[in-house]
Amino acid sequence: MSQANAHAHPVTSPKTYALVLLALLVLTVITVQASYIDFGPWNTVVALLIASAKGSLVALFFMHLRHDKFNAIIFVTGLLFLAIFLIWTLFDIATRTPVLPSNLKTPVQEFPGAPLGGPVRPSTGQPRGAAQ
Amino acid sequence: MTTAASSAHAHAEQGHTPFLQHHFREMSQQFDAAKIGMWLFLVTEVLLFGGLFVGYGIMHARHPEAFMAAHHHLDRTLGALNTIVLLTSSFTMVMSVWAAQTDRKKLLILFLALTILCAGVFMVVKYFEYSHKFHEGLLPGKYYSHKGDTVPGQFMFFSFYFMMTGLHGIHVLAGMVAIAWLLVRAIKGHFSSQYYSPVEITGLYWHLVDLIWIYLFPLMYLIS
Amino acid sequence: MSEGVLTAGAGHAARHADYLEEPKGLWSWLTTVDHKRIGLMYMWSVLFFFLVGGIFALLIRLELLTPKQTIMDAETYNRVFTLHGAIMVFLVIIPAIPAALGNFALPLLLGAKDVAFPRLNLASLYIYWTGAAMAVATLALGGVDTGWTFYTPYSTTTGGGVSLMVLAAFVLGFSSIFTGVNFIATIHKLRAPGMGWFEMPLFCWGMYATAIIQILATPVLGITLLLIVMERVLGVGIFDPQLGGDPVLFQHFFWFYSHPAVYIMILPAMAVISEVIPTFSKKTIFGYKAIAFSSVAIALLGFLVWAHHMFVAGMSLFAGVIFSFLTFFIAVPSAIKVFNWIATMWRGSISLEAPMLHAISFLLIFTIGGLTGLFLAALSTDVHLHDTYFVVAHFHYVMAGSNLIALLAGMHYWWPKMYGRMYNRKLAAIASAIIFVGFNLTFLPQFVLGSRGMPRRYYNYLPQFQDLHVVSTVGSWVLAAGLFLTAAYLLASFRQPKGMPANPWGGRTLEWETTSPPTTHNFEGQPVLQHGPYDYRPEPAPVAVKELAH
């Protein structure tokens, strides 16, 4: 009976692994240097793109996904559902403005006599239930 | 209904049988199953940490000034150092898999040991970072006591900093324990090109720990 | 009793020791890696916690007999319904069918000797027991009064055993995840030779779809629970508006798991029904692929709709519209299954044994449960029905009525295989009728109560609601009676000696081709698939089946 391991699991050479490590280190240097440059609203995108490049190298080469379509599907599915979690949550979070004190045009002050930390009407700053 | 011939005979033909479990027909089936199992577990880790990333992202978007101000307290050099250390440990880990795949027992032991060493360096650097934070009062949530902030609300950044790096650190420690156990088994000679799935799947776990850090590092240390 | 039908390969009269007998002793059970033993231990554990949760339910219903205080004060009432919910959801319904019936039957149905990772399976059981102990221990800390949904900011600020309960659920999550990992690997790698994806029993498709959800959803619950503890201990701020956080964000985190969780509950139930109906209609399943694909469709679609639990929580209208629109789609694969099951029964040779009676109850109850979900899916009606008894009735119809009854169906179906004994079939038929009547008496009035404005989790209520509450409470007694009767005759079956034939029901799936109970290794040798799982055509001639004269 043949030793199934040998052909089922291709052996990548140490040279390839070393080159991947080199690429990862270079990308690390790049991402640190990039953080000193202000891309404006694109800062986060740039950082995440570089991180994803690094991540892809790790996944494809170190985690052997290059030769393993089946497990690659499993992994990508996990990432996909994480994305769904984020995006679907943003359907709500990104479409409403939370009433934080800093958002109010007239900041809400604590009035003397108002209960500490108690519920306050935003429009008047008076405690709820207090006479108008 | 007839049943097929017993697999008892087939067992004896499988070269290296001590590690073949009784419910598998052959080693390759067992190996593939182990890999599937580990990848499924890694997906759960992605979603576990992912939840923290989502929370971090949303709170960062809600409180941009506080988060921007807070992250300046982090040392980019130490963060970059830790990134390099972890990337190197991923390299040594996959080299240990290669060594097992190619029946190089001494190299297997060496690379496993190097991986643990790198992980140890990571934890030591982490220790220094944490001590500095404690010293400065840069603590999570209600324990935040840093003086002299011009931008309020920085406690929330540190809540996430400690939760995310803390959870990550726990995973590094668990990985170190798992790899140490592999090291013991490697020294005992359990692994060879016929059977190295524990090395492979522990490696997969370790790479994921590295992957998480690859995203943690820029999001916590570098965004400005 | 006789040995019954033997398989041609086994050939001789001496019985091999079955998995119950060998190896002997409590320690052998506690350290077993045999999926059948693990499945049984899960089953009895789940049934025990069902009793505990059920007692809490009866207490709730007793309290609600009168509009004011009946047997407990308001604080206690909050703790009782919280514990009822938490125990039923995390300790009973989520694990029940997968861990008990799935563990027992899945390898047998696939023609395998065990699941892919037997030791992980045992770990899963121990993790379940640990989480259960932690949950029960919260009673010593004054209980939990947040509702099983742990909404912030109450859960992050109230006293009691919240952190421990939440950590218990966290631990239990691992049990669920490991079961899911095991099942997916098993189904991919351990199918018998000749069994392609479309030759495996539909129960396996159901387990596979369930496992997908267990893996993708449970970790998000895990992090949510950890965040509750972090909020309590550290004051993290993510869910606290006073600190710049968002309590509705908690609900997104929580329901991202908890909505798919209800599909973790219903898919296994549907999986059991897909086995029972063809066997007791002596007819092949109608629309195999439709049922298989709809299981996966439900699993995946279920991840897109969670915020239909949050329409009135303070979410944006934009999100409300999207989630409402998407929620309607789940009705499609669910309905496909119901139509296919009924079509399977059509012109079948129906045998009204207990498993089938429970399956028919399921069809009726699940239809009501599913359809009433649509009222809640629609934004406009949900505004009125949210947090009323309408919701309580809906989810009891799908969780208790459907899942529980499917569990009973599966237990009655596989009981002879598990224990080599049969229960009193007449009592079983009577009990299934009592359960059906009791269940509907308990929960049907609650739809009316809810639509008339009776809020859920309320301890006191307006006098005009009392009549229906009384009906509901009496119904709970009838339901309890039916369940106790079931327990009684199932336990009584142990007084008989073992001696069931391999295939008492005439099923066509592989578990019926081995002895009842099976040996530890399930089959003599590796079974090779000879025919489809629902192939009820008359036997093609050659294989002679020896029958011992009785």
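Each chain gets a letter, A, B and so on, in the order the sequences are listed, and its residues count up from 1. Quick note: numbers below take in every heavy atom, side chains included, and nothing from hydrogens, waters or symmetry partners.
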How far does NZ of A:Lys54 sit from CG of B:Leu211, to the nearest 0.5 angstrom? 10.5 Å
Are A:His64 and B:Leu204 close enough that some pair of their side-chain heavy atoms sits under 4.5 Å apart? no
Heavy atoms only: give me the nearest B:Phe217-A:Thr31 pair and the separation to one decimal. CE2-CG2, 4.3 Å
Side-chain contact, heavy-atom cut-off 4.5 Å: B:Leu40 with A:Phe75? no
Toward chain B, the part of A:Thr28 with a non-hydrogen atom under 4.5 Å: side chain
When rounded to the nearest 0.5 Å, the distance separating CG of A:Leu82 from CZ of B:Phe53 is 9.0 Å
Would B:Tyr215 and A:Ser52 count as having a side-chain donor-acceptor pair, cut-off 3.5 Å? yes
Rounded at 0.5 Å granularity, tell me how far OG in B:Ser89 sits from CG in A:Leu21. 10.0 Å
Within-4.5 Å side-chain heavy-atom neighbours: B:Arg76 and A:Tyr36: yes
Quick one: what part of A:Phe70 sits under 4.5 Å from any heavy atom of chain B, side chain, backbone, both or neither? side chain
Working to the nearest 0.5 angstrom, can you tell me the gap between A:Asn43 CG and B:Met68 CE? 7.0 Å
Contacting moiety of B:Leu219, where chain A heavy atoms sit under 4.5 Å: side chain
Just wondering, more than 12 heavy atoms not from B:Phe128 lying within 6.0 Å of its CZ? no
Side chain, backbone, both or neither: which part of B:Ile58 has a non-hydrogen atom closer than 4.5 Å to chain A? side chain
Side chain proximity check, A:Leu24 to B:Thr83, heavy atoms < 4.5 angstrom: no
Under 4.5 Å, counting heavy-atom pairs only, tell me which of B:Val43, B:Leu87, B:Asp210 racks up the most with chain A. B:Leu87
At a 4.5 Å cut-off on heavy atoms, which part of B:Gln29 comes close to chain A: side chain, backbone, both, or neither? neither
Audit row: B:Trp98, A:Thr12, side-chain contact (heavy atoms from CB on, under 4.5 Å) steps and yes/no: CA-CA 7 Å; B:Trp98 169 81; A:Thr12 310; over 6 Å; no
Name the region of B:Ile214, side chain, backbone, both or neither, that has any atom closer than 4.5 Å to a heavy atom of chain A. both
Side-chain contact, heavy-atom cut-off 4.5 Å: A:Phe62 with B:Met93? no
Report yes if some heavy atom in the side chain of A:Val58 is under 4.5 Å from a heavy atom in the side chain of B:Phe91; otherwise report no. no
Against chain A, label B:Thr44 side chain, backbone, both or neither, depending on which of its atoms sit under 4.5 Å from a heavy atom there. neither
Would you compute the distance between atom CH2 of B:Trp39 and atom CG of A:Leu65 and round it to the nearest 0.5 angstrom? 3.5 Å
Under a 4.5 Å cut-off applied to non-hydrogen side-chain atoms, are A:Asn71 and B:Met38 in contact? no
Got a second to check how far A:Ile93's CD1 is from B:Arg62's CZ, nearest 0.5 Å? 5.0 Å
Between B:Leu42 and A:Met63, is any pair of side-chain heavy atoms under 4.5 Å apart? yes
Pick from A:Val20, A:Val46, A:Ile50, A:Val32: which one has the most heavy-atom pairs with chain B under 4.5 Å? A:Val32
Which portion of A:Phe85 sits near chain B, non-hydrogen atoms under 4.5 angstrom: side chain
Most contact-rich option vs chain B, by heavy-atom pairs under 4.5 angstrom, among A:Thr89, A:Leu48, A:Leu79, A:Leu90, is A:Leu48
Is it the side chain or the backbone of A:Ala18 that comes within 4.5 Å of chain B heavy atoms, both, or neither? both
